[in-house]
Protein chains: 2
Amino acid sequence: MTTQRLNIDLSTVTPAQIGEAGLIPCGVRMRFAAGEEIYAQEEEADLIYQVVSGAVRTTRLTSDGRRHIGDFYYPGDLFGMEAGPEHRYSAEALGECEVVFVKRAALKHYGADGDRLERIIWVATAQQLARTQDHLMLLGRKSACEKVASFLLDIANRFGGDLTTLPMGRQDMADYLGLTIETVSRMLTQLQAEGLVEFRACRQFRILRRGALARLAAG
Amino acid sequence: MTTQRLNIDLSTVTPAQIGEAGLIPCGVRMRFAAGEEIYAQEEEADLIYQVVSGAVRTTRLTSDGRRHIGDFYYPGDLFGMEAGPEHRYSAEALGECEVVFVKRAALKHYGADGDRLERIIWVATAQQLARTQDHLMLLGRKSACEKVASFLLDIANRFGGDLTTLPMGRQDMADYLGLTIETVSRMLTQLQAEGLVEFRACRQFRILRRGALARLAAG
DNA sequence: CGTTTCATTGAGTGCGATCAAGCCGTGTGG
DNA sequence: CCACACGGCTTGATCGCACTCAATGAAACG
C-alpha cells in the first residue's frame, strides 16, 4: 500500500461533478493490491473515498459467517459515507486499485472548496441510497434469473461499450445477489444458452439481445 | 384529507433533534385516512415529510405486479428524501395518520432555521441509508424465521414498552420481508410455539425471551 | 508439469411458494 | 339477538426453485 500526498492549490480547483473530478484534486492517493482491505467494519469513519482506478467492494459478515456485499464501486464513485461514527461495512480492493480520500472533519477549514466537497458528499450519499433501494427490490422480489440479468445489465450500462469485463469473481456476484455461486453459474449458462448474452471468457461478456435481457431484469 | 397551516415565527424555533421537533414547528400539517396515498411513485419530489402520528409505508410495484415495501415510518421519522427529482416509491398511510411537510426548495429563504432543517434532512437521508443497508442484509442472507424475528425485534425496540401493537397487517410484513403472507404467519406461529414471543391478538405481541430472539435475528 | 484456485455441471434435498380449505373477528341486516 | 357475509389470518398439502453436496473442468501460477 503506497501513499502520495498531492500539493494542489485548492483555491484554483474548478467546480467539478462527482465522477469527473470530485475528491481527486484535493485528497490523498493510495494504492491497494487485490483483496487488500481499505477500511474495516466498525472502524472509525472520518474519511471519504473515491475510486480512481480499479474497483472496490463493501462487505459484511453475519455472526455465523454468511457474507453479504453492499455494493461495488468503480472509477469516479465515492464510498465510505456513514450516518454514524463507524463504518458499517468493510471495504476491499477488487484487484489492483487506486483510491483518493479526504478527511471529512477537515473540510470546513477549506472554505468554498470544502463546501463544494461537502455538497458532493451529500449528493453521493443520496445516490447511494437510491442504488441501495434498487438493490432491495432485487433481493426481495426477483428470481435468480432476474437477479443475474439485472446485474449484467447494470454493470454493462455502468461501463458502456460493447464488451464488458467483470472486475469480480462468481463468489462476489453471488454475495451481492443473495445467491450461491452455483446458482449464479447456472443462470449465466442459461442466459447464454438463450442467446441473451455471450461470454468470451468467464469475466468477459457481451449483451446480444438487450431488450429481452431488460425485460427479464425488470421482473 | 385535511390541511392546516401553522403560523409560527421561525426565528423563535429552538434547535431540535430529528424526532423531537424536526419539521413539526415549521411545516404544513395533513391528515390521511387508512390506505390513503401521500405521494405517488414518479411524482415530483420537492416535499419532505415527517410523521406526527400513525404510521406510513413506502411501496413499489414491479411491472408484473409484485409488491415491495421499502420501509415503515413512525412518529418523528422523516421520509420522502430523494436523490433525483422524482419519488422512487409511493407513500401510503397505514391506518389513520398525521404528517407535516416542508418544501425543500424553499428552505434557503428561511435563514438559520432553513439551514437547520437542511442539515436535519441530510442526516435523515444518511440514517435512511443505514436502515436500508440493514434491510439488504436481511433480504439477502436471512432465512424466513430470522427475517420475522428481526422484524419483531426492530419494531419492539422502535416503540419500547412491553406490549407492542403492530400498525401493519401480514401482507405488509410479507412485502417488507420478501416473503409470502403464509410464510410470515407460519413463522409467527412457530416463534410463539417456541416461547420466544406471545401474541395476544394478531396485531399485539410481547417478547418473552429477548436474548434468544436476538440470537435468531442476528443470523 | 504439478498445484491451486475458480468455474461449471450433476444429483438430490429442503425451504419457502403456491393452491386450497378452514377459522375468526367484525360489521350488517333481518 | 342471531344469521350471514366479508376480510384478514391460519393451517394443511403439494410443488418447484434454489441450496447443498460432490465431482469434473479450466485457467492461473510457481
Side-chain angles (χ1 to χ4, degrees), chain A residues 33-35 57 62 64-69 92 94-96 138-152 165-194 197-205 216 219, chain B residues 34-35 57 62 64-69 94-96 138-152 165-194 197-205 216 219:
Chain A
R57 66 166 180 248
T62 57
D64 65 344
R66 281 170 277 178
R67 194 176 76 141
H68 159 234
I69 290 191
E92 294 141 28
L94 272 174
E96 180 78 7
L138 180 143
L139 290 179
R141 285 284 177 245
K142 288 189 183 176
S143 69
C145 188
E146 292 167 343
K147 286 177 178 181
V148 172
S150 302
F151 181 79
L152 293 180
T165 300
L166 292 168
M168 75 291 288
R170 297 291 187 266
Q171 186 64 60
D172 285 335
M173 292 174 58
D175 290 339
Y176 181 74
L177 298 174
L179 298 171
T180 59
I181 188 174
E182 295 96 331
T183 300
V184 170
S185 185
R186 274 184 252 272
M187 294 303 127
L188 290 173
T189 303
Q190 185 184 321
L191 288 175
Q192 190 163 19
E194 288 165 356
V197 298
E198 176 194 29
F199 274 80
R200 164 170 301 222
C202 74
R203 291 199 178 193
Q204 268 206 342
F205 73 99
L216 233 184
Chain B
R57 65 167 180 246
T62 57
D64 64 346
R66 282 171 277 180
R67 193 176 77 142
H68 159 234
I69 290 192
L94 273 174
E96 180 78 8
L138 180 143
L139 290 179
R141 285 284 176 242
K142 287 188 184 176
S143 69
C145 187
E146 293 167 343
K147 285 177 179 181
V148 172
S150 302
F151 181 79
L152 293 180
T165 300
L166 292 169
M168 75 290 289
R170 297 292 187 266
Q171 187 63 60
D172 285 335
M173 291 174 58
D175 290 340
Y176 180 76
L177 298 174
L179 298 171
T180 60
I181 188 175
E182 294 95 331
T183 299
V184 170
S185 184
R186 273 184 253 273
M187 294 303 127
L188 290 173
T189 304
Q190 186 183 321
L191 288 175
Q192 191 163 18
E194 289 166 354
V197 298
E198 178 195 26
F199 274 78
R200 164 170 302 222
C202 75
R203 290 199 178 194
Q204 267 206 341
F205 73 99
L216 233 185

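Every chain is numbered from 1, with letters handed out A, B, ... down the list of sequences. In this text the structure is predicted, and so the values were computed from the model without any measurement.
Closest approach of B/Ala174 and B/Thr180 over heavy atoms only: CB-C, 3.6 Å. Across all their heavy atoms, B/Leu166 and B/Phe199 have their closest contact at CD1-CE2, 4.2 Å.
Contact annotation: A/Thr189 reaches the phosphate of C/dT9 (side-chain N/O to OP1 or OP2, under 4.0 Å). Contact check, B/Ser185 against D/dT10: a side-chain N or O comes under 4.0 Å of OP1 or OP2. At the phosphate of C/dG16, neither OP1 nor OP2 sits under 4.0 Å from any side-chain N or O atom of B/Arg186. Residue A/Thr183 places at least one side-chain N or O under 4.0 Å from the OP1 or OP2 atom of D/dC19.
A/Gln190 has its CD atom 12 Å from the C1' atom of D/dA18, to the nearest Å. Atom-to-atom, CG of A/Leu166 to C1' of C/dA7 comes out at 13 Å; the value is rounded to the nearest Å. Here the P atom of nucleotide C/dT9 and the CG atom of A/Leu188 are 10 Å apart, to the nearest Å. Computed from coordinates, the B/Arg170 CZ to D/dC9 C1' distance equals 7 Å when rounded to whole Å. The distance from atom CE of B/Met173 to atom P of D/dT10 is 9 Å, rounded to the nearest whole Å. In this entry the distance linking CE of B/Met187 with C1' of C/dG16 reads 8 Å, nearest Å. In this structure, B/Leu138 places its CG atom 12 Å from P of C/dG16, rounding to the nearest Å. Regarding A/Gln171, its CD atom lies at a distance of 9 Å from the P atom of C/dA7, rounded to whole Å.
For B/Thr180, whose side chain is taken as the heavy atoms from C-beta onward, the closest listed nucleotide among C/dA17, D/dT10, C/dG16 is C/dA17.
Both A/Lys142 and A/Glu182 lie near DNA chain D, and the one whose nearest nucleotide falls closer to the 5' end is A/Lys142. Positionally, the nearest nucleotide of DNA chain C for A/Met168 lies more toward the 5' end than for the other of A/Arg141 and A/Met168.
No side-chain heavy atom of A/Leu139 sits less than 4.5 Å from a side-chain heavy atom of B/His68. Two residues are said to be in side-chain contact when any heavy atoms from C-beta on lie closer than 4.5 Å; B/Cys202 and B/Arg170 meet this criterion.
Not one N or O on the side chain of A/Arg66 forms a donor-acceptor pair closer than 3.5 Å with the backbone of B/Gly140.
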